[in-house]
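Accompanying notes for the structure given below.
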Amino acid sequence: KQEVTQIPAALSVPEGENLVLNCSFTDSAIYNLQWFRQDPGKGLTSLLLIQSSQREQTSGRLNASLDKSSGRSTLYIAASQPGDSATYLCAVRQAQAGTALIFGKGTTLSVSS
Amino acid sequence: SQTIHQWPATLVQPVGSPLSLECTVEGTSNPNLYWYRQAAGRGLQLLFYSVGIGQISSEVPQNLSASRPQDRQFILSSKKLLLSDSGFYLCAWSGGGSGRRETQYFGPGTRLLVL
């Protein structure tokens, strides 16, 4: 059974710092991996989608990498801003188990000005 | 552009009462539709998904049900709510077909509190 783990559960950094959020998954047979952002009490916003054949994806100050063989993904945020404060969720889509996304519990990021 | 709507935004219901949450998608046709629940301290859990009208797959056994009466409408229901049904319910859509390579887009969510 696929399990997705995100470390750390919470992270506080001063504005301007570069930071890395980690995601690991137990079954490497995935179709893709997606990073989301969730603001308190709100729905999810898709940030980046990495197909299983890709190594990384970039969008603005965000860069996500995928190492499928080791079951790991990282989300790199450059020059963090207070507006980046949110919970970041990692989710994988299995290759065999229908279309379900399996989520980690998230990393809650707080960026202070 | 595509948009996804959910209502109500917040709901407080007594134990044993019925439930109906609605989700609609605009700007796309034949989407895959999903219902997730996010309980306090737990990750997001897929409850139901649908690849077409009248086609519903359930991921976990529970007292909830889902229906898709129209192509872009997805409804989550219960005949009798339990305390454990409290949580944040999110509807999502992705491109049609197998949908396995597509991004999922989420609605604003409904916060349900069962007392």
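In what follows, chains carry the letters A, B, and so on, assigned in the order in which the sequence lines appear, proteins first and then strands, with residues in each chain numbered from 1. No hydrogens, no waters, no symmetry mates; every other heavy atom, side chains included, goes into these values.
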Worksheet entry | Heavy-atom contact with chain A under 4.5 Å, split by part of Leu90(B) |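 The answer is the side chain of Leu90(B).
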Discussion item. Which atoms of Gln38(B) are under 4.5 Å from chain A, going by heavy atoms: the side chain, the backbone, both sets, or neither?
Written reply: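 Answer is side chain: those atoms of Gln38(B) sit under 4.5 Å from chain A.
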Discussion item. What residues of residues 63-74 of chain A make heavy-atom contacts with chain B at a cutoff under 4.5 angstrom?
Written reply: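 None at all.
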Practice prompt. Under 4.5 Å, heavy atom to heavy atom: which of residues 102-113 of chain A reach chain B? Give them by number, or say none.
Written response: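 Heavy-atom contacts from residues 102-113 of chain A to chain B are Phe103(A), Gly104(A), Lys105(A).
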Item to complete: Compare every heavy atom of Leu48(A) with every heavy atom of Gln57(A), then report the nearest pair and how far apart it is.
Response: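 Heavy atoms of Gln57(A) and Leu48(A) come nearest at O-CD1, 3.8 Å.
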Practice prompt. Considering only heavy atoms and a distance below 4.5 Å, find which of Ala92(B), Ala9(B), Ser57(B), Pro108(B) pairs most often with chain A.
Written response: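 So the answer, after comparing Ala92(B), Ala9(B), Ser57(B), Pro108(B), is Pro108(B).
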Worksheet item: Measuring heavy-atom distances to chain B, does Gln6(A) have an atom under 4.5 Å in its side chain, in its backbone, in both, or in neither?
Response: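 No part of it gets close to chain B.
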Discussion item. Under the rule for side chain to side chain donor-acceptor pair (under 3.5 Å), what residues qualify as partners of Glu22(B), not counting sequence neighbours?
Written reply: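 If we apply the side chain to side chain donor-acceptor pair (under 3.5 Å) test to Glu22(B), skipping adjacent residues, the hits are Gln73(B).
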Worksheet item: With Ser78(B), which residues qualify under side chain to side chain donor-acceptor pair (under 3.5 Å), at least two apart?
Response: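 For Ser78(B) the side chain to side chain donor-acceptor pair (under 3.5 Å) partners, ignoring immediate neighbours, are Asn63(B).
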Do [X] and [Y] come close enough that some side-chain heavy atom pair is under 4.5 Å?
X: Leu101(A); Y: Phe36(A); value: yes
X: Gln94(A); Y: Ile30(A); value: yes
X: Gln2(B); Y: Tyr105(B); value: no
X: Gln6(B); Y: Leu21(B); value: no

Fill in: More than 12 heavy atoms from other groups under 6.0 Å of CZ on Arg61(A)
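Enclosed.
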Worksheet item: Hey, do the aromatic rings of Phe74(B) and Phe48(B) have their centres closer than 6.0 Å?
Response: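 Not close enough - the centres of the two rings lie 6.0 Å or further apart.
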